[in-house]
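Chain letters run A, B, ... following the sequence lines, proteins first, then strands; residues in each count from 1. Fair warning: this is a prediction, and the values are worked out from it, not measured in the lab.
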There are 2 protein chains.
Amino acid sequence: MKRSRLSSFIHHYKIPLLYGLSLAALLLVLKWLEVRILLIDHAFEVYIGGIALLFTALGIWLTRKLSRPRVETVLVEKEVYVQGGLPFAINEREVDQLGISKRELEVLGLMAEGLSNQEIADRLFVSLNTVKTHSSRLFEKMEVRRRTQAVEKGKRMNIIP
Amino acid sequence: MKRSRLSSFIHHYKIPLLYGLSLAALLLVLKWLEVRILLIDHAFEVYIGGIALLFTALGIWLTRKLSRPRVETVLVEKEVYVQGGLPFAINEREVDQLGISKRELEVLGLMAEGLSNQEIADRLFVSLNTVKTHSSRLFEKMEVRRRTQAVEKGKRMNIIP
DNA sequence: GCCGGCCTCATACTTTCGGGTGATTTTGGC
DNA sequence: GCCAAAATCACCCGAAAGTATGAGGCCGGC
């Protein structure tokens, strides 16, 4: 029981533990080396350089070890052939799953045509600020940071032609 | 002449150079601190610890900056409605009728993926200014004034997927 | 060799975007 | 009628995009 708790503890915290142990070990080695470092006084910089390299390596190793691989979802497009050019049906499910409003969708559509915010504002008879607000919310909901990304994503999700 | 060679050199080796400079700077600081370290004798371990942390951080930073993120690919099937099944062939006629160069086309492609100029620069290993120049020329040749328009027009002309 | 096109980069400047905050008005449903 | 969501607008600020101009390096054709 205790063993399993312990091992589980070790398993969960092995990286920090390892790191701590490395530090401790290093300090021991330091203590031992202290004498000859003081003797060979000039070797100090080299020694520090060593430490630096060592820990840079450790940092690199840690990062590679810890960073979880980014999960990338690849859409395998299973093609469904259509005869008549079905005029494009928006994927309504996606739209209201993301909570995208009618106006926002409209703005996205005009964005996809390459219009600037000002032009969109003129087209919709609203102010530039309004368009900005809509696009901001849109980006937030679509989890993108630029209009180009929004357009790209929108097309892939079939919410714009 | 000399300037540009030098700056290109710097640009290509900026990471190693930065690293080297950091090391050099650190050593200077060390030299300066040496006295008080010897005085406050016991602070030595703390000091080493600091170095260790510093360079661990540096290692982490380096890794994140340099290493391509590992990706774990998840395949998701998705139905896509298509009319013709041809896999896309770029319309070369249009491209060189407009006088669009290889590099410019490359930039356009990355734009279409929603990348920012900076991201494109990183991807192509060139400077931000270069990407701006390319995109400017591209817009001129395509007779558009914004990247969104370029992408839209590019897709309609079949010069990008 | 030299010219032109392409690629590269820089500097300086203007415009457009996008984030954040706050506020008022419409509107649709209960 | 009331409430919540949507739509409208404003202001500020920083970041990104785009314009203009100049310049050096590289390569292929003449």
Side-chain angles (χ1 to χ4, degrees), chain A residues 92 95-154 159, chain B residues 1-15 17 92 95-154 159:
Chain A
E92 224 168 305
V95 172
D96 58 51
Q97 195 194 327
L98 295 180
I100 296 174
S101 77
K102 215 177 307 174
R103 208 54 159 168
E104 285 158 1
L105 195 60
E106 218 171 339
V107 170
L108 178 58
L110 295 174
M111 268 182 188
E113 291 179 23
L115 302 190
S116 71
N117 285 341
Q118 184 60 65
E119 287 164 343
I120 295 174
D122 293 345
R123 193 77 76 88
L124 300 181
F125 301 104
V126 297
S127 89
L128 174 59
N129 290 307
T130 304
V131 176
K132 282 183 172 190
T133 307
H134 285 320
S135 59
S136 265
R137 285 201 220 291
L138 187 62
F139 296 155
E140 206 178 318
K141 289 173 183 173
M142 295 182 76
E143 294 175 313
V144 297
R145 354 197 77 263
R146 278 182 293 281
R147 64 215 283 98
T148 42
Q149 288 182 339
V151 169
E152 199 264 344
K153 196 161 182 176
I159 64 181
Chain B
M1 217 179 268
K2 274 194 168 177
R3 284 192 80 98
S4 108
R5 268 190 178 280
L6 178 60
S7 75
S8 131
F9 177 82
I10 288 177
H11 180 260
H12 276 84
Y13 294 95
K14 61 183 170 188
I15 302 294
L17 278 175
E92 224 169 303
V95 173
D96 58 52
Q97 195 196 324
L98 295 179
I100 295 175
S101 77
K102 212 179 309 175
R103 208 56 160 167
E104 285 157 1
L105 194 60
E106 218 171 339
V107 169
L108 178 58
L110 295 174
M111 269 182 189
E113 292 179 23
L115 301 190
S116 70
N117 284 340
Q118 184 60 63
E119 287 165 342
I120 295 175
D122 292 344
R123 193 77 78 88
L124 299 180
F125 300 105
V126 298
S127 88
L128 175 59
N129 290 308
T130 304
V131 176
K132 284 183 172 189
T133 307
H134 284 320
S135 58
S136 266
R137 284 201 222 291
L138 187 62
F139 296 156
E140 206 179 319
K141 289 173 183 174
M142 295 181 78
E143 296 173 311
V144 297
R145 359 196 75 260
R146 278 181 293 283
R147 61 206 321 27
T148 40
Q149 288 181 339
V151 169
E152 199 266 344
K153 196 160 181 176
I159 64 181

Listed nucleotide nearest any side-chain atom of [X], set [options]:
X: A:Asn129; options: D:dC9, C:dC9, D:dA7; result: D:dC9
X: A:His134; options: D:dT19, D:dA7, C:dC17; result: D:dA7
X: B:Arg103; options: C:dT8, D:dC9, D:dT8; result: C:dT8
X: A:Val126; options: D:dA17, D:dC9, C:dG19; result: D:dC9
X: B:Arg147; options: D:dA10, D:dG18, C:dG18; result: D:dG18

In whole angstrom, what separates [X]'s [atom1] from [N]'s [atom2]?
X: B:Lys132; N: C:dT16; atom1: NZ; atom2: C1'; result: 12 Å
X: B:Glu106; N: C:dT8; atom1: CD; atom2: P; result: 8 Å
X: B:Gln149; N: C:dC17; atom1: CD; atom2: P; result: 10 Å
X: B:Leu105; N: C:dC7; atom1: CG; atom2: C1'; result: 15 Å
X: A:Gln118; N: C:dT14; atom1: CD; atom2: C1'; result: 16 Å
X: A:Leu128; N: C:dT15; atom1: CG; atom2: P; result: 14 Å
X: B:Asp122; N: C:dC9; atom1: CG; atom2: P; result: 12 Å
X: B:Leu138; N: C:dC7; atom1: CG; atom2: P; result: 11 Å

Please state whether the phosphate of [N], meaning OP1 or OP2, lies under 4.0 angstrom from any side-chain nitrogen or oxygen of [X].
X: B:Ser136; N: D:dT19; value: yes
X: A:Ser116; N: C:dT16; value: no
X: A:Asn117; N: C:dC17; value: yes

How would you label the contact of [X] with the nucleic acid (heavy atoms, under 4.0 Å): base, sugar-phosphate, or nothing?
X: A:Ser101; answer: sugar-phosphate
X: B:Thr130; answer: base
X: A:Ser127; answer: sugar-phosphate

Review point. Out of A:Arg146, A:Arg147, A:Gln149, which residue meets the side chain to side chain contact (heavy atoms under 4.5 Å, CB included) rule with A:Phe139?
Key: A:Arg147
Point to revise | B:Glu140 bridged to B:Arg137 by N-O distance under 4.0 Å | key: no
Review point. Side-chain donor or acceptor of A:Thr133 under 3.5 Å from a matching atom on the base of D:dC9?
Key: yes
Which donor-acceptor pairs under 3.5 Å do the side chains of residues 126-134 of chain A make with protein atoms, sequence neighbours left out?
residue: A:Ser127; atom: OG; partner: A:Asn129; partner atom: N; Å: 3.2
residue: A:Ser127; atom: OG; partner: A:Thr130; partner atom: N; Å: 3.3
residue: A:Ser127; atom: OG; partner: A:Thr130; partner atom: OG1; Å: 3.3
residue: A:Thr133; atom: OG1; partner: A:Asn129; partner atom: O; Å: 3.0

Check your understanding: If each of B:Arg145 and B:Arg137 is mapped to the nucleotide of DNA chain D with the nearest heavy atom, which maps nearer the 5' terminus, i.e. the 5' end?
Key -> B:Arg145
Exercise for review: Would you name the heavy atoms of A:Ile120 and A:Val107 that are closest together and state the gap between them?
Suggested key: CD1-O, 4.0 Å
Check your understanding: So which heavy atom on A:Ser135 is nearest to which on A:Met111, and how close?
Key -> CB-CE, 3.2 Å
Review point. When you measure from the side chain of B:Lys153 to the backbone N and O of B:Val144, does any donor-acceptor pair fall under 3.5 Å?
Key: no
